[in-house]
J.: 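If you scroll down you'll find the structure; I have some questions about it.
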Amino acid sequence: MSGAGPQRSWWRARARGTGWLLVIAALVFGTGFLIALVLTLVMT
Amino acid sequence: MSTVLKPGADDLELIGYYLGKVLLGLGLVMLVPAAVGLLAGEWNSATSFVIGASLCLLVAAVSDARLSSRRALTWAHGMVIVALAWLLGAIFAAIPMYLSGRFSDPLGALFEAMSALTTTGMSVIHDLDHTPLSEDTYRHLLQFAGGQGIVIVVLSLFAAGGARIGTLYVSEARDERILPNFIRTARFISAVATTFLVLGTAALWVALRAGGFGPGRALYHAINLFFASFDTGGFSVMQSSMIYYHSLSVELIVMLLMFAGTLSFGLHFALWNGDPREVFRHLETRTLAATSTLFFAAVAFGLLRAGTYDSTEAVFRKGFFTLVSAASSTGHQVNVGETYLTDWGVLAPAAVVGAMAIGGMASSTAGGIKAIRVGLAFKTLVHDIRRVLLPESALVVTSYHAGKRRILREDTSRAATTVLLLFLVTHLAGAVVGLLYGEFDITQTLFESVSVGSNIGVSIGVVSPDMPNGLMAVYVVMMWLGRLEYVAVFALLGYLFSLSRGRAKA
């Protein structure tokens, strides 16, 4: 039986996991940047 | 007459057998820097690692030969094994460090080893910038092993299952079973780590090459930066930590790795399965999002008010990076430690202390009280307020989402708030001990105590090669307690008590 099926899904899972992590991290870092930007504009 | 049963010889043999397995793993880890030392011509360092590895493997072989057992572990066994594994592991891990001659005394080497294994990341090594390749590799490998959980590393490599190894897993303060079998969970954790090892190292290598590093040097720094960041350990190759690189892209990649490291492995599993909603629904995510947003707003406000920085870029690169480093319990620094005392005002360092105290998520590589406990404590408070406000006959049910919808139970609340309280008491006690020496003020001792006790590693300058030995010893104990989140250590103390005062089994 070919092992290509389970192996491909394993790689897909890794790609999916990494992709979603990047999206969530971008949200987090973006929020942080926004806070820094707004406060800098207001206070300087 | 005591009602506590005295552990028998067979109990002690079982504990000794599993401790031997941990030392086997540690001995094999030491062979890697030994090989690096031999290849790099660092003969003294290579010799110290060979000696260290030989001692570990010898003890492991003796325990395997004399104490071999397939008896099932009880919870008590599991807790005691894990508590002793971390202590014994740090002692044996310190041997090659002390033999290297880079520490003033054995206590310094023990501090460094415990700091590495618990992924605290504070360092008392002399002349870090000129540390041999093999010794630096060793420090970072220890962080990797500790971050994954020594016991988990051993389980995934050596365990054949069938011996209620789950008790060891939970005793090591990991209480999420991601896959049906604990061994498979341990292996999934290793798979996540390996994925990020490849991607993170590659990204860092590219960023460092763009910054002018040669290919070999870029690879060396990239691998070590990965280990320190993903395992939220915080050791650095250079004394000046992240300041050395002067690179926004390196800082961003490192922040990404710290973020990945602080996410629980259960949430990594959800992302790998294409279920990002689980991340947003989870109590820990919401707690960390709320607290980190508040703390960063306080950091940014404090820095701007104190006039420390006046541009968005500076506030983000210095303030946000420090906040992520603190919240993820990594400990990487983009400032010299004394800066927090002299240039950051009062509000910004206080917010960093708050982020350090809370730490990251449970079942991740992060330290601290953990977001789940803070979230549960908050839910408990809300629950109690509702109970007071609603009619006596009303049935008050509070729920939260952690993997699935769960009802807040009294034992869950009590467990969370007890450990939270223990962390706070330890932080305060560590701060008071620091004050006894008369060299530091309360800002310094509290900052450092929280950083050590929560296994963070951001330093305000108290920890150094010349720090008082008594304080160093207290910090070693605090790092150990913090990593194990107290329960396993208390179980060990109870076991020792029962050894001396217990009633013999019939």
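So that the names make sense, note that chain A is the first sequence line, chain B the second, and so on, each numbered from 1. All values below were derived from every heavy atom in this structure, side-chain atoms included, with hydrogens, water molecules and symmetry-related copies excluded.
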J.: At a heavy-atom separation under 4.5 Å, does B:Ser311 approach chain A through its side chain, its backbone, both, or neither?
T.: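 Backbone only.
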J.: With a 4.5 angstrom heavy-atom cut-off, which part of B:Tyr309 approaches chain A: side chain, backbone, both or neither?
T.: neither
J.: Return yes if some donor-acceptor pair links the side-chain N/O of B:Glu284 with the main-chain N/O of B:Ile372 below 3.5 Å, else return no.
T.: yes
J.: Quick one: does any side-chain atom of B:Thr201 pair with a main-chain N or O of B:Leu197 as donor and acceptor, under 3.5 Å?
T.: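 Confirmed, B:Thr201 side chain pairs with B:Leu197 backbone.
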J.: Who wins among B:Thr312, B:Leu252, B:Leu323 for the most heavy-atom pairs under 4.5 Å with chain A?
T.: B:Thr312
J.: Between B:Glu278 (side chain only) and B:Gly403 (backbone N and O only), is there a donor and an acceptor less than 3.5 Å apart?
T.: yes
J.: Let me know if B:Leu303 has heavy atoms under 4.5 Å from chain A in its side chain, its backbone, both or neither.
T.: neither
J.: For this output row, return yes or no: ring centroids of B:His268 and B:Phe196 closer than 6.0 angstrom.
T.: yes
J.: In terms of heavy-atom proximity below 4.5 Å to chain A, should B:Phe301 be classed as side chain, backbone, both, or neither?
T.: both
J.: Below 4.5 Å from any heavy atom of chain B, which atoms of A:Leu34 appear? Answer side chain, backbone, both or neither.
T.: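 Contact with chain B is absent: no heavy atom of A:Leu34 under 4.5 Å.
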J.: In terms of heavy-atom proximity below 4.5 Å to chain A, should B:Ala270 be classed as side chain, backbone, both, or neither?
T.: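 Nothing of B:Ala270, per the 4.5 Å heavy-atom cut-off to chain A.
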J.: Determine whether the aromatic ring centres of B:Phe320 and A:Phe33 lie less than 6.0 Å apart.
T.: no
J.: Would you mind telling me which of B:Ser364, B:Ser329, B:Ser325 makes a side chain to side chain contact (heavy atoms under 4.5 Å, CB included) with B:Thr232?
T.: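 Only match with B:Thr232 under side chain to side chain contact (heavy atoms under 4.5 Å, CB included): B:Ser329.
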J.: Please classify the contact between B:Leu263 and chain A as side chain, backbone, both or neither, with a heavy-atom cut-off of under 4.5 Å.
T.: side chain
J.: Please classify the contact between A:Val28 and chain B as side chain, backbone, both or neither, with a heavy-atom cut-off of under 4.5 Å.
T.: both
J.: What is the ring orientation for B:Phe269 with B:Phe188, classed by angle as parallel under 30°, tilted 30 to 60°, or perpendicular over 60°?
T.: perpendicular
J.: Below 4.5 Å from any heavy atom of chain A, which atoms of B:Val279 appear? Answer side chain, backbone, both or neither.
T.: side chain
